[in-house]
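Hydrogens, waters and symmetry mates are skipped; everything else that's a heavy atom, side chains included, is used.
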Amino acid sequence: MRVLVTGGAGYIGSVIAARLSAQGHEVAVYDDLSRGHAAAVPAGATLVRGDICDEETLAAALRGVGARAIVHMAALAEVAESVSHPERYAEVNVAGTAAVLRAARATGVDRLVFSSTAAVYGDPGHVPIVEDDPLAPTNPYGETKLTAERLLRGVASHVATVALRYFNACGADAGLGEDHDPETHLVPLALRAAADGTPFRIFGNDYPTADGTCVRDYVHVADLADAHILALERLPDLPPALNLGTGTGDSVLAVLDTVEQVTGRALRRVAAPRRPGDPPLLVAANDQARRTLGWSPRRSLSDAVRDAWEWMRTHPRGYAEDPAR
Ligand code: UFG
């Protein structure tokens with residue numbers, strides 16, 4: 001396949017680009033490097049630097065690689081930022097997706113895999129979450145991803161699409177890891193606390209869960225990437241949206257226990273207030289992805305924590321001073 005990966009210099013996009021490239025596909029990465037890292041673009045892929053709303057440059061990038069398929073990852077993805085700057089999220093996540101769809105139409109692309117999120121469900125109040133559950137996002141990030149999912153339907157007659165709704169991505173793969181600024185995610189923050197001995201804040205210990213902390217479905221980034229490649233191969237024979245999660249929930253305390261086991265270091269755990277907007281429980285039903293993609297997540301939470309720890313130890317300053325690149 002010849003594939004354009006928008007946002008392919010970001011955490012999940014770079015792993016998708018690397019795995020596609022390693023399987024012999026021709027890959028171009030389209031990224032403005034506002035959040036991504038040039039050093040994360042795999043050696044075998046070409047990087048086109050451009051704005052996601054710039055339809056002309058997108059079309060030129062698609063023609064340049066002769067792409068018939070797009071993995072559209074370019075997005076803003078911080079819940080708190082989406083609350084303080086909703087207009088940025090409308091611009092990048094909604095207008096950007098519209099520009100990608102117009103460029104796809106103009107260049108004869110016939111398949112598009114879209115990066116969506118469990119945030120489209122909001123706080124469903126039950127687990128596991130199925131794709132037919134009500135879509136009720138509780139923040140502009142989830143709202144804009146849901147609007148973008150709906151835009152995909154407008155091109156259904158000429159571009160086959162699927163929205164993949166990720167649960168909690170974590171881990172590292174192929175020398176590529178998580179390097180956000182600021183970092184807000186549990187696994188990298190807990191590993192950082194293990195590395196430097198600083199306290200780790202647990203946001204809420206009075207939730208209605210078994211140990212009082214929030215439960216999430218942590219899925220290894222390499223398993224996520226594999227699902228995208230399968231989706232590219234299986235389109236158009238896919239439903240409009242699929243959950244990507246393991247089907248297993250782990251509490252914040254369970255993740256911290258795993259971090260301690262993997263690193264061999266004790267964390268300094270401190271109780272902190274709840275983080276506004278955190279639903280108590282988010283766990284995927286992944287039966288549809290298993291059935292329609294032939295996908296099954298192969299890596300455990302321990303695998304993800306071990307791989308992320310290894311990446312952090314070999315990249316103590318993230319991509320800022322990557323010794324391997
Ligand atoms: N947490 C802490 N301390 C921290 C960081 C996180 O206790 O320092 C807790 C959070 O409160 C939450 C859990 O760890 O209960 C996981 O938090 P993350 O920030 O790692 O992930 P979220 O579940 O909040 O967010 C993920 C994606 C978002 C997506 C959301 C869908 O990262 O992009 O799921 O609800 F929107």
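At distances below 3.5 Å, at least one donor-acceptor pair connects side-chain atoms of Y89 with backbone N or O atoms of E78. No donor-acceptor pair closer than 3.5 Å links the side chain of S21 to the backbone N or O of A18. In this structure a side-chain-to-backbone donor-acceptor pair under 3.5 Å is missing from H37 to L33. A distance-only check finds a donor-acceptor pair linking the side chain of T6 to the backbone of A74 [under 3.5 Å]. Of the possible polar contacts, none joining the D54 side chain to the D51 backbone as a donor-acceptor pair under 3.5 Å is found. A donor-acceptor pair is defined here as one N or O able to donate and one able to accept, closer than 3.5 Å; such a pair exists between the side chain of N243 and the backbone of A285. When atom types are taken as modelled, the side chain of D123 and the backbone of P279 share no donor-acceptor pair closer than 3.5 angstrom. Between the side chain of D173 and the backbone N or O of V15, no donor-acceptor pair lies under 3.5 Å. Using modelled atom types, no side-chain atom of H180 and backbone atom of P182 make a donor-acceptor pair closer than 3.5 Å. For the pair S82 (side chain) and P86 (backbone), a donor-acceptor distance under 3.5 Å is absent.
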*Can E149 and T97 be said to form a side-chain contact (heavy atoms from CB on, under 4.5 Å), step by step?*
CA-CA 9 Å; E149 279 197 17; T97 299; over 6 Å; no
*asked:* If you apply the rule salt bridge (charged side-chain N to carboxylate O under 4.0 Å, His left out), what do you find for D287 with R290, and how did you get there?
replied: CA-CA 5 Å; D287 315 67; R290 286 178 181 274; over 6 Å; no
*Check step by step if side-chain contact (heavy atoms from CB on, under 4.5 Å) holds for R19 and D226.*
CA-CA 8 Å; R19 290 179 88 80; D226 287 344; 2.8 Å; yes
*What's the verdict on salt bridge (charged side-chain N to carboxylate O under 4.0 Å, His left out) for E183 and R35, showing C-alpha distance, side-chain angles and the deciding distance?*
CA-CA 12 Å; E183 187 55 77; R35 309 281 165 118; over 6 Å; no
*Run the salt bridge (charged side-chain N to carboxylate O under 4.0 Å, His left out) check on R306 and D303 step by step: do they pass?*
CA-CA 5 Å; R306 192 197 57 233; D303 293 334; 3.2 Å; yes
*Apply side-chain contact (heavy atoms from CB on, under 4.5 Å) to V283 and T248, showing your working.*
CA-CA 6 Å; V283 180; T248 302; 5.8 Å; no
*Apply side chain to side chain donor-acceptor pair (under 3.5 Å) to N205 and T213, showing your working.*
CA-CA 5 Å; N205 58 13; T213 65; over 6 Å; no
*Residues W295, I229; criterion side-chain contact (heavy atoms from CB on, under 4.5 Å); working and verdict*: CA-CA 10 Å; W295 176 75; I229 299 170; over 6 Å; no
*So H220 and D307, side chain to side chain donor-acceptor pair (under 3.5 Å) or not? Walk me through it.*
CA-CA 9 Å; H220 196 295; D307 293 345; 2.8 Å; yes
Donor-acceptor contacts under 3.5 Å from residues 255-263 side chains, at least two apart:
residue	atom	partner	partner atom	Å
D257	OD1	R269	NH2	2.7
T258	OG1	A254	O	2.9
E260	OE1	R269	NH2	3.2
E260	OE2	L267	N	2.8
T263	OG1	V259	O	2.7
T263	OG1	R265	N	3.2

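A distance of 9.0 Å separates OG1 in T144 from CG in L146, rounded to the nearest 0.5 Å. Rounding to the nearest 0.5 Å places CG of N286 at 14.5 Å from CZ of R165. Atoms CZ and OG1, from R102 and T107 in turn, are 13.0 Å apart once rounded to the nearest 0.5 Å. Atom-to-atom distance recorded for R68:CZ and L4:CG is 12.5 Å, nearest 0.5 angstrom. Note: T57 OG1 to D32 CG = 11.5 Å, rounded to the nearest 0.5 Å. Summarising the geometry, atom CG belonging to L76 is positioned 8.0 Å from atom CZ belonging to R88; distances are rounded to the nearest 0.5 Å.
Taking every heavy atom of both residues into account, S296 and D223 meet most closely at O-OD1, 4.4 Å. When all heavy atoms of A304 and C170 are compared, the pair lying nearest together is CB-SG, 3.7 Å. Nearest heavy atom pair, residue G318 against residue W311, reads CA-CH2, 3.9 Å. Closest heavy-atom contact between G13 and V5: O-CG1, 4.0 Å. Taking both residues in full, the closest heavy atoms of A231 and V162 are given as CB-CG1, 4.0 Å, listed atom of the first, atom of the second, then distance. Taking every heavy atom of both residues into account, A308 and L191 meet most closely at CB-CD1, 3.5 Å.
Residues F200 and L186 are in side-chain contact: their nearest non-hydrogen atoms beyond the backbone lie under 4.5 Å apart. Annotation: side chain of N168 is not in contact with side chain of V219 (no heavy-atom distance under 4.5 Å). V215 has its side chain out of reach of L282: every pair of non-hydrogen atoms, C-beta onward, lies at least 4.5 Å apart. A heavy-atom distance below 4.5 Å is found between the side chains of M1 and R111. Within the 4.5 Å cutoff, side-chain heavy atoms of L293 are placed close to those of L238. Between R49 and D31 the shortest side-chain heavy-atom distance does not fall below 4.5 Å. Looking only at side-chain heavy atoms (C-beta outward), H158 and D110 stay at 4.5 Å or farther from each other. Taking the side chain as every heavy atom from C-beta outward, F114 and K145 approach each other to under 4.5 Å.
Crowding of R274 atom CZ: a count of heavy atoms from other residues, nucleotides or ligands under 6.0 Å exceeding 12. For CD of E233, the number of neighbouring non-hydrogen atoms (other residues, nucleotides, ligands) closer than 6.0 Å is greater than 12.
Cluster membership check: V155 shares its hydrophobic cluster with L58, using side-chain heavy-atom separations under 4.5 Å among Ile, Leu, Val, Met, Phe, Trp and Tyr. Residues I52 and L112 fall within the same hydrophobic cluster, defined by Ile, Leu, Val, Met, Phe, Trp and Tyr side chains chained together at heavy-atom separations under 4.5 Å. Hydrophobic cluster membership differs between L281 and L301, with clusters built from Ile, Leu, Val, Met, Phe, Trp and Tyr side chains linked at under 4.5 angstrom. Taken together through direct or relayed side-chain contacts under 4.5 Å among Ile, Leu, Val, Met, Phe, Trp and Tyr, F167 and V79 form parts of separate hydrophobic clusters. Residues L152 and L62 share a single hydrophobic cluster, defined by chaining ILVMFWY side chains whose heavy atoms lie under 4.5 Å apart.
Between D278 and R275, at least one side-chain nitrogen of the basic residue sits less than 4.0 Å from a carboxylate oxygen of the acidic one, meeting the salt-bridge criterion.
Between the side chains of S116 and Y166, no donor N or O sits under 3.5 Å from an acceptor N or O.
Think of V270 as one node in a network of Ile, Leu, Val, Met, Phe, Trp and Tyr side chains linked at under 4.5 Å; it has no links at all.
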